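The model shown is predicted, which means the values in this text are computed figures rather than measured ones. When reading the values below, keep in mind they use all heavy atoms of this one structure, side chains included, and skip hydrogens, waters and symmetry mates.
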Amino acid sequence: VYVYNRLISVLMEAGHHDEAYAIYRDMLPDTARPDSHTYVRLIVGFCKAGRIKQAQEIFLDVRQQGCESRGIVYNAMIHGLGEAGEVSEAMKILGEMTEKDCSPDVWTYNSLIHSLGKAGQVKKALRLLQVMISEGCTPDVFTYNSLICSLGRSGRVVEACELYEGMIGKGCLPDVVTYNTLIPVLCNAGEFPAALNLFKFMRSVGCQPDVFTYSSLVVGLCKARRIDDA
RNA sequence: CUGUUUUCGU
């Protein structure tokens, strides 16, 4: 199986999707039964290539044959659908997971929250945050970053900041991505003192700014014609 | 390093 999977990975990455698929078709149930690695590679690869239908076909095999670590394969399919803008299809799979007692995990929810936000359905994304919490799944820094980003994009600056405070309150440490997400949001809202404060703050807590941090500040300040500050 | 999630303006 390992050799097959490695081969499929290489072919997929080189863009030889159909060859990879043929290899997958050659895998025999008793000698080299496809496992979660096989399925994830194929599904992710076909989704990235924009061939969602093909990915869904492979996903059908997982539904029928089953495999270990099904959850990861489900997550991969959910992510692929979400990226393709098929959020409602992705949500259906979430329902299917609970039915087939394959518990959604933090990756599942994070993917969906991200896709919903990207599709402009921030309200649903926030609702899903409540669902995940009520299901006993603890949101992590990915969850919060993603939601802060969606809130910021839709101009809900105050809520974005509140969620930032909220994550700290819940003991989830912001990372460089959190700051990189929030700083441009503040800049776009004209809140330069707050943006610069946040920049100072991240450094004071030992979070190293990276190229995204600096460029978002420079771009933000330039847009406001504060070239000297930039 | 055989696998899934967050920040990136055509």
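- Residue contacts for A:S111: at a heavy-atom cut-off of 4.0 Å it reaches the sugar-phosphate backbone alone, with no base atom in range.
- Residue A:H114 is classed as a sugar-phosphate contact, given heavy-atom separations below 4.0 Å to backbone atoms only.
- Regarding contacts with the backbone of B:G3, every side-chain N or O of A:R70 stays at 4.0 angstrom or more from both OP1 and OP2.
- In the set B:U6, B:U2, B:U4, the nucleotide with an atom closest to the side chain of A:W107 is B:U4.
- Between A:F59 and A:Y74, the ring centre distance stays below 6.0 Å.
- Residue A:M132 contributes atom CE, which lies 14 Å from atom P of B:U6 at whole-angstrom precision.
- Checking B:U5, B:U7, B:G3 against every side-chain atom of A:N110, the shortest atom distance belongs to B:U5.
- Ranking B:G3, B:U4, B:G9 by closeness to the A:S69 side chain, first place goes to B:G3.
- Set against B:U5, B:U4, B:U2, the side chain of A:I72 has B:U4 as its closest nucleotide.
- Between A:F212 atom CZ and B:C8 atom C1' the separation is 5 Å, expressed in whole Å.
- Under the 3.5 Å distance criterion, with hydrogens and angles disregarded, a donor-acceptor pair is assigned to the side chains of A:R25 and A:Y21.
- If you check every strand for non-hydrogen atoms under 4.0 Å, A:K48 touches nothing.
- Nearest to the side-chain atoms of A:N75 among the listed nucleotides B:U2, B:U6, B:U4 stands B:U4.
- The distance between atom CD of A:E83 and atom C1' of B:C8, rounded to the nearest whole Å, is 13 Å.
- For the pair A:I43 CD1 and B:G3 P, the computed distance is 15 Å after rounding to whole Å.
- A donor atom on one side chain and an acceptor atom on the other are not found under 3.5 Å apart for A:D61 and A:Y39.
- A salt bridge links A:D18 to A:R51: one of the charged nitrogens lies within less than 4.0 Å of a carboxylate oxygen.
- Here the side chain of A:S36 is nearest to one of B:G3, B:G9, B:U2, namely B:G3.
- Note: CG (A:D35) to C1' (B:U2) measures 8 Å, nearest angstrom.
- Rounded to whole angstrom, the span from the CG atom of A:L112 across to the P atom of B:U4 amounts to 17 Å.
- With a 4.5 Å cut-off on side-chain heavy atoms, A:M97 and A:R70 do not count as touching.
- A:L11 places its CG atom 13 Å from the C1' atom of B:U2, with the value rounded to the nearest Å.
- In this structure, A:D140 places its CG atom 13 Å from C1' of B:U4, rounding to the nearest Å.
- Comparing B:U2, B:U7, B:U6 by their nearest atom to the side chain of A:S146 picks out B:U6.
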